[in-house]
Amino acid sequence: MKKVIALVFSVFAISASAAEAVKATVHADQAGAKINKEIYGQFSEHLGSCIYGGLWVGEGSQIPNINGYRKDVFEALKALKIPVMRWPGGCFADDYHWMDGIGPKDKRPSLRNNNWGGTIEDNSFGTHEFLNLCEMLGCEPYISGNVGSGTVKEMAQWVEYMTSDGDTPMARLRRQNGRDKAWKVKYFGIGNEAWGCGGNMTPQYYSDEFRKFNTYLRDQGQNRLYRIASGASDYDYDWTKVCMDKIGNRMQGISLHYYTCTGWSGPKGSATQFDTQQYYWALGKCLEIEEVIKKHKAIMDKKDPQNKIGLLVDEWGTWWDEEPGTIAGHLYQQNALRDAFVAALSLNVFHKYTDRVKMANIAQVVNVLQSMILTDQEGTGHMVLTPTYHVFQMYTPFMEATYLPVDLESETIQCSKEYFKEKAQTADNTTRPCPVLSASAAKTTDGGIVLAITNVSLDKAQAIDFELPGFKAKSVSGRILTSKNVADYNDFQHPDVVAPKEFKDAKLNKKGTLNVKIPAKSIVVLNIR
Ligand code: AHR
C-alpha cells in the first residue's frame with residue numbers, strides 16, 4: 001500500500017538519515033511501445049519575443065545570426081534534436097494570413113498581433129523562414145491553419161504553396177519567391193482552440209468546419225498530410241467525444257491543451273517566488289495530466305480501439321505571471337527548478353501513454369511560458385538555457401526508445417483542499433497527490449537502458465534499489481539536475497545556477513542490482529549498459 005502524507009507541513013520533518021532504501025523494478029523483460037520522438041516537440045508562436053528577438057533577428061542584426069536566425073539560439077536548439085515544431089500559433093494562427101508573410105520582405109505588410117499585446121510585426125518571418133528553419137534543425141514542421149478568420153481557399157492554397165512540386169499556380173508563386181523544391185509538410189492543424197480564440201465554436205459546429213476545410217486540403221505529389229483537429233482544453237471530455245463521433249477517421253490526430261496553471265483569471269503566481277504549498281500544488285497539478293489523458297483516451301478507445309488517431313498534447317507546460325517590467329501580453333516568464341520538475345514529470349506521463357499520445361509540444365520554445373531558452377529583452381545579445389532545457393537535453397535518449405514499466409513505491413504528498421479553495425480557480429476542488437519519487441525507463445535504440453528518476457522532496461534524500469529483470473547491466477553513468485532551492489533559476493548574469501552535473505551515486509552491485517542515492521529536489525538520468 002502506498003504511504004500517503006496528507007498534511008503538507010508534516011512532510012518536511014522527515015530526515016534523510018532515517019530513510020530505508022526503496023525497492024523498485026525496471027521491467028526490461030516487459031518492453032512496451034516505442035516512445036514517439038514527437039513527444040519532445042516544440043511550439044513556436046508569434047507571441048512576445050518567441051519569433052522576433054528569439055528565433056529570428058534578421059540578417060542585418062548586430063546579434064550573430066545565420067541568414068537571420070539567431071546563431072546561439074539555433075545552435076542550442078540543434079543540440080536538443082527537436083523532432084517537430086509547431087507554428088505560427090496558438091491563438092495567433094487563427095488571425096494569421098500566410099500570404100502576407102511571403103515575397104520580398106520590404107513589400108510584406110505589417111500586422112497587429114491582436115491576441116498578444118497588440119504588437120506590430122513586420123511579417124519578415126513567414127512560411128519560407130519557418131520551413132527553412134525546420135530543415136536546418138532537421139525537424140518536421142507542424143503548421144497550424146487558420147479556420148477562425150481564414151477561408152477554405154486560403155488554407156488550401158497554403159498547402160499547395162508548401163507542398164506542390166507540380167506546375168501549379170501556388171508552386172509557381174513559391175518558385176518566384178526563391179524556393180524551387182516543395183517542402184515536406186506532414187503535420188497540419190485545422191484550427192487551434194476552436195472553442196475559444198479560434199472562433200468560439202461548439203464542438204458540433206467545429207466538426208462540420210473541420211470536415212469542410214479538410215475536403216479541400218489536397219495531398220500534393222508524395223506529400224501526405226497528417227490532419228489534426230483542434231481538440232479539447234483540459235477537462236472538456238465532451239469536445240473529444242463529439243469530434244470522435246463527427247470527424248472520426250477524417251483526422252489522424254486531435255489535440256489537447258493542458259497547462260500547469262492556477263486559473264485563467266487573476267494572478268497566476270510568480271515563476272520564482274512561491275511557497276512550499278504552491279510548489280507541491282504545481283507538481284500535483286502537472287501530474288493530473290495523467291487522469292486527463294486517461295479520460296480522453298477512454299473516449300478515443302471506444303471509437304478507435306487500434307489507436308489510429310493520435311492524442312496530441314500540442315500545448316502544455318507552466319503558465320505563471322509575466323516577469324515584472326516586461327511587456328503585458330508577451331507571457332515572458334522565468335523558469336526555475338520547479339519548472340524542470342514539471343517537464344520531467346509530464347514527459348514521464350507521455351512516455352507511459354505513448355501508444356495514444358503521439359506528439360506533445362511544450363509551450364513555447366523561446367521567451368514565452370515554459371521555454372527552453374530566454375533571450376535578453378533589451379537586445380544585448382544574451383541568451384540563457386533554462387532548467388527545462390536541461391531536462392529535455394538529459395531526456396533525449398528516450399526518443400524512439402522502447403517503454404519499460406517501472407514499479408516504484410513512493411510516499412505521496414497531498415495538497416489540502418483548503419489551499420485550492422483559497423488560492424486556485426481551477427475547474428475542480430479535489431486534492432492533488434504528488435508522489436515524492438517517480439521514474440521512467442526505456443530500452444534505447446543502442447541496447448542500453450535509460451532511467452530517469454525524480455525526487456521532488458524539499459529535504460529528503462532517498463536510496464533506491466532497482467532490480468533489472470531481463471537486463472544484464474555492466475556499467476552505469478548519469479547526470480543530475482538540482483540546485484540549492486527549487487526556486488533557483490538561470491539568468492544572464494548567472495547562467496549556470498541550475499545546470500546538469502555528473503552523477504556518481506548510482507552503483508551496480510554484484511547481484512546486478514542498481515543502487516541509487518538520489519538527493520532531495522533532484523532529477524537524475526542514468527544510462528545503463
Ligand atoms: O500558449 C499561449 C496560448 O495558450 C496559445 O496561443 C493558445 O492556443 C493557448 O490558449
Side-chain angles (χ1 to χ4, degrees), residues 34-46 51 55-56 66-69 74 77-78 80-90 93 96 98-99 101-103 125-146 150 154-192 213-229 250-255 308-310 312 314 358-361 365 396 399-400 445:
K34 190 179 75 184
I35 296 173
N36 300 306
K37 62 177 185 312
E38 290 77 14
I39 281 172
Y40 288 81
Q42 297 286 339
F43 173 31
S44 54
E45 179 164 9
H46 288 245
I51 304 291
L55 294 171
W56 177 256
I66 311 165
N67 305 331
Y69 306 105
F74 173 79
L77 294 180
K78 185 96 183 161
L80 279 188
K81 303 182 183 155
I82 296 173
V84 56
M85 184 138 70
R86 182 171 180 244
W87 175 84
Y96 181 60
W98 69 273
M99 281 211 183
I102 56 169
F125 191 95
T127 302
H128 289 245
E129 290 71 26
F130 175 68
L131 294 176
N132 291 344
L133 174 61
C134 289
E135 280 188 346
M136 288 161 68
L137 287 171
C139 71
E140 297 270 2
Y142 169 4
I143 301 285
S144 261
N146 179 349
E154 183 184 11
M155 193 186 282
Q157 287 185 324
W158 200 7
V159 170
E160 184 189 322
Y161 186 89
M162 293 184 289
T163 61
S164 165
D165 249 337
D167 186 23
T168 67
M170 287 299 114
R172 285 202 294 273
L173 180 60
R174 185 192 67 234
R175 289 187 194 108
Q176 212 174 296
N177 289 331
R179 170 80 186 200
D180 181 35
K181 211 168 145 273
W183 290 281
K184 179 177 169 260
V185 176
K186 179 175 175 186
Y187 298 106
F188 197 91
I190 301 180
N192 167 73
F213 275 76
N214 185 46
T215 307
Y216 303 96
L217 302 185
R218 306 239 149 77
D219 282 333
Q220 308 279 339
Q222 300 303 306
N223 196 73
R224 293 286 169 273
L225 292 181
Y226 181 101
R227 296 141 198 270
I228 301 160
R250 288 179 183 84
M251 63 185 174
Q252 281 78 56
I254 181 165
S255 67
K308 287 201 175 133
I309 301 173
L312 277 46
D314 66 12
K358 308 231 188 246
M359 189 193 291
N361 308 72
V365 65
T396 51
M399 290 194 239
E400 303 285 286
T445 41

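FYI, the numbering just counts along the sequence from 1. Side chains are part of it too, since the values below use all heavy atoms of this structure and drop only hydrogens, waters and symmetry mates.
- Across Y96 and N146, no two heavy atoms sit closer than the pair O-ND2, 3.0 Å.
- Under the 3.5 Å distance criterion, the side-chain polar atoms of R179 are left unmatched by any main-chain donor or acceptor of N132.
- Minimum interatomic distance between Y226 and K358 (heavy atoms only, all atoms of both residues): OH-CB, 4.2 Å.
- Atom CD1 of residue I51 and atom CD of residue E129 lie 10.5 Å apart, to the nearest 0.5 angstrom.
- The aromatic rings of W158 and F188 sit perpendicular, their planes meeting at an angle over 60°, well past the 30° parallel limit.
- For the pair N36 (side chain) and M359 (backbone), a donor-acceptor distance under 3.5 Å is absent.
- Between the S144 side chain and the G89 main chain, a donor and an acceptor come within less than 3.5 Å of each other.
- Residues L173 and I102 have side chains in contact (heavy-atom distance under 4.5 Å, counting atoms from C-beta outward).
- Atoms CG and NZ, on L137 and K81 in that order, are 13.5 Å from each other to the nearest 0.5 Å.
- Ion pairing of K181 with D165 is absent here, as no side-chain N (NZ or NE/NH1/NH2) approaches a carboxylate O to less than 4.0 Å.
- Side-chain contact check for M170 versus S164: every heavy-atom pair is 4.5 Å or farther apart.
- One N or O on the side chain of N223 and one on the backbone of V185 form a donor-acceptor pair closer than 3.5 Å.
- Side chains of F125 and H46 form a contact here, defined as non-hydrogen atoms less than 4.5 Å apart.
- I228 CD1 to N192 CG: the interatomic distance, rounded to the nearest 0.5 Å, is 11.0 Å.
- Contact annotation: the side chain of Q220 approaches that of E160 to within less than 4.5 Å [non-hydrogen atoms, C-beta and beyond].
- Looking at heavy atoms from C-beta onward, Q42 lies out of side-chain contact with N361 at the 4.5 angstrom threshold.
- The existence of a salt bridge linking E140 and K184 is confirmed by a sub-4.0 Å separation between a basic side-chain nitrogen and an acidic carboxylate oxygen.
- Between the side chain of K78 and the backbone N or O of G138 there is no donor-acceptor pair closer than 3.5 Å.
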- Item | Pair N177-T127, side chain to side chain contact (heavy atoms under 4.5 Å, CB included): steps then yes or no | CA-CA 11 Å; N177 289 331; T127 302; over 6 Å; no
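- Screening V159, I143, N214 for a side chain to side chain contact (heavy atoms under 4.5 Å, CB included) with L225, the sole residue that qualifies is V159.
- Residues S44 and L55 approach most closely at CB-CD1, 3.8 Å, considering heavy atoms.
- Across all their heavy atoms, D180 and R174 have their closest contact at O-NH2, 2.7 Å.
- Separation of atoms CD1 (I82) and SG (C134) is listed at 8.5 Å; rounding is to 0.5 Å.
- In this structure, the side chains of Y187 and Q252 stay at 4.5 Å or more apart for every pair of heavy atoms.
- Looking at Y216 and M155, their side chains never come closer than 4.5 Å, going by heavy atoms from C-beta outward.
- Of the inter-residue distances, the one linking D314 atom CG with I254 atom CD1 reads 10.0 Å to the nearest 0.5 angstrom.
- Distance alone, capped at 3.5 Å, places no donor-acceptor pair between the R86 side chain and the Y142 backbone.
- Across all non-hydrogen atoms, the minimal contact from M99 to Q157 is CE-OE1, 3.4 Å.
- Between A171 and G166, the shortest heavy-atom contact is CB-O, 3.3 Å.
- Here the side chain of W56 pairs no donor or acceptor atom with the backbone of F130 at under 3.5 angstrom.
- The closest side-chain heavy-atom distance from L80 to Y40 is not below 4.5 Å.
- Checked against ring-ring contact (aromatic ring centres under 6.0 Å, His included), F74 has no partners two or more places apart in sequence or in another chain.
- In this structure, CD1 on I309 lies 13.5 Å from CZ on R227, to the nearest 0.5 angstrom.
- With respect to the salt-bridge test (charged N to carboxylate O, under 4.0 angstrom), the residues E38 and K186 do not qualify.
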